Amino acid sequence: MGALIRGYDWNSTSLGPPDGWPQSLKTAVRIMLSSRQPIWIGWGPDLVFFYNDPYKTIIGGKHPWALGRPTRIVWKEIWDDIAPLLETAQTGTEGTYVEERLLIMERNGYEEETYYTFSYSPIPDDYGDVGGIICANSDDTARVIGERQLKLLRELAAAATNVQTVQQACKSVSAALGANPADLPFALLYLRHAELGYELAASSGIEGEHPAAPSAIRDLFTSPWAPLLPDDTNQVTLVRNIAELFVGSSLPTGSWQRPPHQAAVVPLAIAGDTDLDGFLVVGLNPWRLLDENYERFLLLAAGQIAGAIGHASAYQQQQQRAEELAELDRAKTAFFSNISHEFRTPLTLMLGPLEELLASASTDGRDRALIDITYRNSQRLLKLVNALLDFSRIEAGRVEVKLTATDLASFTAELASLFHSTFDRAGLKLVIDCPPLIHAVAIDRDLWERVILNLMSNAFKFTLKGCVTVRVREAQERVEVVISDTGIGISAEELPHIFERFHRVSGANGRSIEGSGIGLALVHELVKLQGGDIEVASELNVGSNFRIAMPVAVANTVSGARPLTERASASAAAHEFVDLTSRSLSGTQSDEQTPEITTITEQPSELLARAGDFVPGKVLVADDNVDLCWRSLILLAVSTGALMVSINSASTADR
Ligand code: ADP
């Protein structure tokens with residue numbers, strides 16, 4: 001700039017040749033040229049324009065034309081804004097200082113939005129009067145616009161949180177978009193609607209039914225916006241001269257005095273499990289070009305909007321699915337509850353007469369055996385129905401829990417010991433390690449009974465050899481009850497699902513493959529109802545550990561001065577449960593169940609007479625249910641007229 005100033009024809013200006021310039025002007029120009037801050041100087045009544053190299057970025061396309069011209073010509077587009085300030089500074093007493101002043105300047109051949117912090121200071125001439133003005137500038141444009149855009153992006157990000165429906169997301173997006181009317185004088189968000197084509201889901205800066213903002217776009221090709229949609233989602237399409245598209249209706253102006261003359265269409269890439277798509281239309285800031293920065297900002301904003309909508313849509317779908325599942329679950333529970341109830345009454349009515357028949361002295365051997373099978377299986381069915389009913393009661397929150405401070409060690413030991421003879425018969429060891437506890441535990445005895453009996457019968461069912469240990473210990477205000485076995489174990493993949501309702505491990509090779517998968521789910525719920533926790537650790541072919549932790553009832557000591565606990569003992573139902581379990585799982589029949597065979601060997605004399613014709617043969621009858629095996633054998637014997645059936649009953653334990 002020094003060279004340009006030296007070479008300039010100053011004779012053509014009011015200043016005349018530099019030789020005649022006042023010393024103060026020369027000094028001021030020298031100071032200006034050596035400064036690294038953008039500075040201009042205006043000298044004389046016309047404020048003839050000087051500027052330095054850093055100022056070239058501000059003067060833009062007017063360089064070098066601006067040198068030596070009156071300031072009011074150089075900055076004619078902002079003259080109205082700056083003239084009063086210059087006038088103040090020219091009075092000579094005080095300079096002016098303004099921060100981040102918006103100036104629509106023509107720096108690069110078009111008028112643009114700029115922000116400057118600048119000061120005008122008077123320069124005295126050689127006589128002490130005001131000779132000119134020196135102006136130091138800093139360009140705040142990039143910072144002011146950047147902060148404004150960042151704020152919008154932040155608001156859009158916030159719009160994505162705490163919204164539960166697409167509708168709510170659109171509402172928040174509208175509010176956020178409205179917060180930046182400078183870069184988005186108006187904005188329209190269209191989402192694809194099954195029937196309406198594209199539906200106006202959110203808007204800002206534009207009111208009512210404006211032709212630029214149709215509420216639905218059915219036909220893409222007649223709409224001003226949709227045909228412009230680019231295929232590539234990461235692209236902004238510029239729509240020029242939008243005023244021509246909407247002749248007769250003025251477009252909103254946002255922060256500015258004039259409406260946008262161009263708009264941009266940005267597709268929305270809505271992520272996630274949704275078939276939504278849409279696009280964003282924005283009226284562009286009339287004082288900015290759609291440059292790389294502006295485009296990037298629009299893409300980021302569109303990305304945030306797509307994120308907010310995708311997030312809300314996913315949440316909505318998830319919610320809907322959860323509600324459907326809950327409804328299904330309620331229906332299932334209601335169904336089980338009803339059906340269980342319907343099963344229970346006839347079963348109870350069957351069991352009564354069967355019990356009477358079994359008790360009657362006149363029921364002879366063969367009938368007794370058949371009745372016994374019927375009786376036991378009805379009982380099994382009733383047990384299952386009761387478990388289902390219990391479960392649906394728990395689900396419906398209808399279980400009444402009566403907590404009583406109990407000596408948990410002795411009660412648990414008593415329940416476990418009901419299995420002694422069952423274990424003995426199967427050659428399994430049962431270790432009951434329940435030393436006295438200091439504190440009582442508040443439990444519902446009925447519910448606890450069911451927990452222990454279920455876990456014990458599972459341990460028996462899934463342990464073919466070795467031992468089952470029941471251990472009770474107290475530590476840190478908790479009582480732990482552990483039932484561990486050396487059975488078949490549970491694989492790591494199955495473990496997380498083991499307490500789920502109806503979950504069964506396929507291929508589990510226990511004493512019986514019968515089961516409903518409801519036992520452990522019930523145990524889990526029953527423990528929770530009593531304020532405890534249950535967890536399981538298990539290793540395939542090594543064994544399983546079911547660990548229940550119950551809080552102690554601190555106020556109650558088992559052996560304190562005034563014991564608050566009474567000794568609990570196993571109910572009749574518990575005895576029945578164990579009896580049933582051992583019969584159905586042991587694979588051997590107890591004494592009174594064998595006479596089926598004798599029923600077909602009733603006429604020994606006849607049999608003996610035909611003994612000569614006896615042809616030995618082997619028939620293998622296989623079933624996972626012992627009762628069914630016996631029943632098949634009896635039918636087989638009767639229908640073939642077999643003389644004798646010898647049974648080689650392989651117990652399931654050794655299959
Ligand atoms: P059910 O025994 O009627 O199938 P449960 O809910 O009691 O239903 O048990 C679910 C599954 O958990 C069983 O099918 C079995 O595979 C597994 N399981 C339960 N207890 C044990 C155990 N002690 N050892 C090995 N597997 C077990």
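Worth saying up front: this structure is predicted, and the values here are computed from it rather than measured. For ligands, and for the atoms within them, numbers begin at 1 and follow the listed sequence.
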Minimum heavy-atom separation for [X] and [Y], please, with both atom names.
X	Y	result
Cys467	Thr469	SG-OG1, 3.9 Å
Ala169	Ala312	CB-CB, 3.7 Å
Leu347	Ser378	CD2-O, 3.8 Å

Nearest heavy atom to [atom] wins, so pick from [options].
atom	options	result
atom 13 (C) of ligand 1	Phe502, Phe462, Phe546, Phe499	Phe462
atom 5 (P) of ligand 1	Leu520, Leu522, Asp485, Thr486	Leu520
atom 16 (O) of ligand 1	Ile518, Ile498, Val505, Ile483	Val505

Working for salt bridge (charged side-chain N to carboxylate O under 4.0 Å, His left out), residues Glu324 and Arg321: CA-CA 5 Å; Glu324 281 166 11; Arg321 267 200 296 270; over 6 Å; no
Tell me whether [X] has any N or O atom under 3.5 angstrom from an N or O of ligand 1.
X	result
Ala521	no
His503	no
Ile488	no

By salt bridge (charged side-chain N to carboxylate O under 4.0 Å, His left out) - contacts of Asp329 (at least two apart): Arg501
Closest protein heavy atom (residue, atom, distance) for [atom]:
atom	value
atom 4 (O) of ligand 1	Arg504 NE, 2.7 Å
atom 2 (O) of ligand 1	Lys461 NZ, 3.2 Å
atom 1 (P) of ligand 1	Gly517 N, 3.5 Å
atom 24 (N) of ligand 1	Ser544 OG, 3.3 Å
atom 3 (O) of ligand 1	Ser516 N, 2.9 Å
atom 7 (O) of ligand 1	Asn458 ND2, 2.9 Å
atom 26 (N) of ligand 1	Ile490 CG1, 3.3 Å

Phe423 and Phe460 aromatic ring geometry - parallel, tilted or perpendicular at 30°/60° bounds: tilted
Thr348 side-chain N/O to Arg344 backbone N/O, donor-acceptor pair under 3.5 Å: yes
Value rounded to 0.5 Å, distance of OG in Ser313 from OH in Tyr315: 13.0 Å
Partners passing side-chain hydrogen bond (donor to acceptor under 3.5 Å, both in side chains) against Glu539 (at least two apart in sequence or in another chain): none
Mode of Glu494 contact toward ligand 1 - side chain, backbone, both, neither (heavy atoms, under 4.0 Å): neither
Any Gly487 heavy atom less than 4.0 Å to ligand 1: no
